[in-house]
Amino acid sequence: MKILITGGAGYIGSHTIIELSKIPGFEIISADNFINSTPETFSRIKKITGREIKNYPVDLTDFNAAKLIFSENPDLAGIIHFAALKAVGESVKNPVLYFRNNLNSLVNLLGLSSEKKINYFIFSSSCTVYGNIRNLPVSETTPLLKTESPYGFTKLAGERLIEDFCLSNPLFNAIVLRYFNPVGAHISGTIGELPINAPNNLVPIITQTAAGIQKKMFVHGTDYPTRDGTCIRDYVHVSDIAKAHVLALQHLIENNGNANFEIFNLGKGLGVSVLEVIAAFEKISGMKLNYEIGPRRAGDVDAIYSDSSKAEKILGWKPLAGLEEMMGSAWKWQKVLSGI
Ligand code: NAD
Ligand code: WQD
């Protein structure tokens, strides 16, 4: 069965190619224009899997370019759609860029899916759709509050578009996966997150600081109403997230026609503070991280973590890696990148 992975050179897409490659019977192609990644990722994937992945370096917002993928692959059966821009701050500065990139590419893929009778679709969403939520843990039935950024809104609108598309097309089967905080890297140290610009997320900032790329880092606020005053998040290993896509795809195929639109949270279900993440990093690396306490970062919620029991019950998904394993793999990858 041939599957198109959009954003296959990206962080989560590349880890998903690796996990899906382990399952017999799937042929994988990718579409990634490298706006936030590099072609080298495919050589790294080959080192791990032995597989050459055909990538179409097209901008998926370009309908004709996207259409070519479908005409060249008439046997395409499903799509895992990762390709999107994801920097919250950048989306606040340039909402048009985010709406255009994230929504036009989705509109094109759904239009082409309907034309070409492609019936399996998995969409990368985010816990950001819950907004500044207070009821913890959050489950898929928790009412959504206002999204805090244009990026978040593109995910919300994407979910809604897919839901409406499923209603209008009962043969189309879609799963929306709401990731919490994916971190870490493949166990081999051969592949991982590749921040092209200065990162905004905690874990790459920690590893870049430890590697000396940044002199020091800041903990954004210690006056939150949490156990140590720093924000609480739900960190989950990227390979566990990748495995959830394989299970979701298998679920779509097995349940063809039943409940054709479903949403799943993907988090470990554990709230971890910023200082706890730093402590885990210091423990696994044996290093003292150069950090200072800074002011709060605008837009941060105090605490959010997932109730992922639906994914466990229906998909059989259990995230296995613990915090130290997440930090250990992130550090191993950073050392490879930095030649340490
Ligand atoms: P990433 O930036 O590493 O990967 C996305 C890939 O898509 C990149 O390789 C980029 O070049 C490609 N791309 C973007 N726009 C494209 C376009 N118009 N045409 C073709 N290719 C395009 O990001 P990621 O962390 O792997 O995230 C994957 C998905 O998961 C995204 O949809 C993101 O919003 C979502 N998500 C990520 C996180 C996270 O913390 N990483 C959390 C929740 C949701
Ligand atoms: C985690 C915690 C920071 C950097 C973001 C997106 C969200 C989703 C996941 C895509 C926060 C603190 C960070 C630093 C720090 N992505 N921090 N010093 O904000 O939970 O979520 O990524 O969908 O949409 O918003 O993740 O890694 O940025 O921050 O103290 O230098 O680390 O304040 O409490 P966040 P993050």
Side-chain angles (χ1 to χ4, degrees), residues 5-16 30-39 41 55-62 65-66 69 80-89 91 97-98 100-106 108-109 123-130 147-149 151-152 154-155 158 177-183 192-206 208-209 214 216-222 224 226 230-236 238 241-242 245 266-267 272-275 277-278 291-305:
I5 297 200
T6 74
Y11 177 42
I12 307 173
S14 58
H15 286 79
T16 301
S30 162
D32 196 311
N33 64 352
F34 306 118
I35 191 169
N36 195 39
S37 53
T38 66
T41 302
N55 180 63
Y56 289 83
V58 300
D59 181 346
L60 292 164
T61 65
D62 174 344
I69 306 171
I80 308 183
H81 181 40
F82 293 102
L85 295 172
K86 60 165 183 178
V88 173
S91 81
L97 173 70
Y98 272 67
R100 183 187 293 134
N101 192 72
N102 293 1
L103 292 177
N104 288 1
S105 53
L106 177 62
N108 285 344
L109 289 173
F123 178 63
S124 296
S125 189
S126 164
C127 65
T128 193
V129 299
Y130 290 107
T147 42
E148 296 281 317
S149 69
Y151 164 72
T154 66
K155 291 294 162 188
L177 297 175
R178 291 179 179 157
Y179 319 147
F180 280 65
N181 291 61
V183 297
E193 193 166 6
L194 198 79
I196 291 201
N197 301 309
N200 292 307
N201 294 117
L202 179 63
V203 173
I205 288 176
I206 289 176
Q208 287 203 359
T209 306
Q214 282 187 207
K216 64 176 173 195
M217 61 165 289
F218 291 93
V219 171
H220 297 321
T222 48
Y224 285 96
T226 59
T230 65
C231 293
I232 302 272
R233 295 288 182 274
D234 187 336
Y235 299 93
V236 50
V238 65
I241 292 274
H245 291 76
L266 297 181
V272 176
S273 77
V274 176
L275 290 177
V277 175
I278 291 176
Y291 71 88
E292 279 178 23
I293 306 301
R296 288 183 176 203
R297 184 175 73 173
D300 269 337
V301 301
D302 307 356
I304 183 164
Y305 53 93

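Only heavy atoms go into these numbers, but all of them, side chains included; no hydrogens, no water, no symmetry mates. Atoms within a ligand are numbered from 1 in the order they appear, just like the ligands themselves.
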Where's the contact between [X] and ligand 1, heavy-atom distance under 4.0 Å: side chain, backbone, both or neither?
X: D32; result: both
X: C127; result: neither
X: F34; result: backbone
X: K155; result: side chain

Less than 4.5 Å apart, side chain to side chain, heavy atoms only: is that true for S37 and D32? yes

Atoms of ligand 1 less than 4.0 Å from [X] heavy atoms?
X: I35; value: 10 (C), 11 (O), 13 (N), 14 (C), 15 (N)
X: V58; value: 19 (N), 20 (C)
X: S124; value: 29 (C), 30 (O), 32 (O), 35 (C)

So, is R233 polar-close to ligand 2, with some N/O to N/O distance under 3.5 Å? yes

Any nitrogen or oxygen of F218 lying under 3.5 Å from a nitrogen or oxygen in ligand 2? Just yes or no. yes

Is it the case that the side chain of N101 and the backbone of A84 share a donor-acceptor pair, with hydrogens and angles ignored and the cut-off at 3.5 Å? no

Taken in chain and number order and not counting sequence neighbours, the residues that satisfy side chain to side chain contact (heavy atoms under 4.5 Å, CB included) with L202 are I206, M217, Y235, V274, V277

Within-shell test, Y130 vs ligand 2, heavy atom, strictly < 4.0 Å: no

Please tabulate, one pair per line, all N/O donor-acceptor pairs under 3.5 Å involving side-chain atoms of residues 5-15, not counting sequence neighbours.
unit_1 : atom_1 : unit_2 : atom_2 : d
T6     : OG1    : H81    : ND1    : 2.6
T6     : OG1    : F82    : N      : 3.0
T6     : OG1    : A83    : N      : 3.0
Y11    : OH     : V183   : O      : 3.4
Y11    : OH     : G184   : N      : 3.3
Y11    : OH     : G184   : O      : 2.7
S14    : OG     : G10    : O      : 2.7
S14    : OG     : Y11    : O      : 3.0
H15    : ND1    : Y11    : O      : 2.7
H15    : NE2    : H186   : N      : 3.0

Winner among [options] once heavy atoms are compared against [atom]:
atom: atom 5 (C) of ligand 1; options: A84, G8, A65, P57; value: A84
atom: atom 21 (N) of ligand 1; options: T41, I5, N33, V88; value: N33
atom: atom 25 (O) of ligand 1; options: K86, E193, R100; value: K86

Ligand 2 atoms nearer than 4.0 angstrom to some heavy atom of V274 are 2 (C), 12 (C), 30 (O), 32 (O), 34 (O)

Is I12 in polar range of ligand 1, meaning some N or O pair under 3.5 Å apart? yes

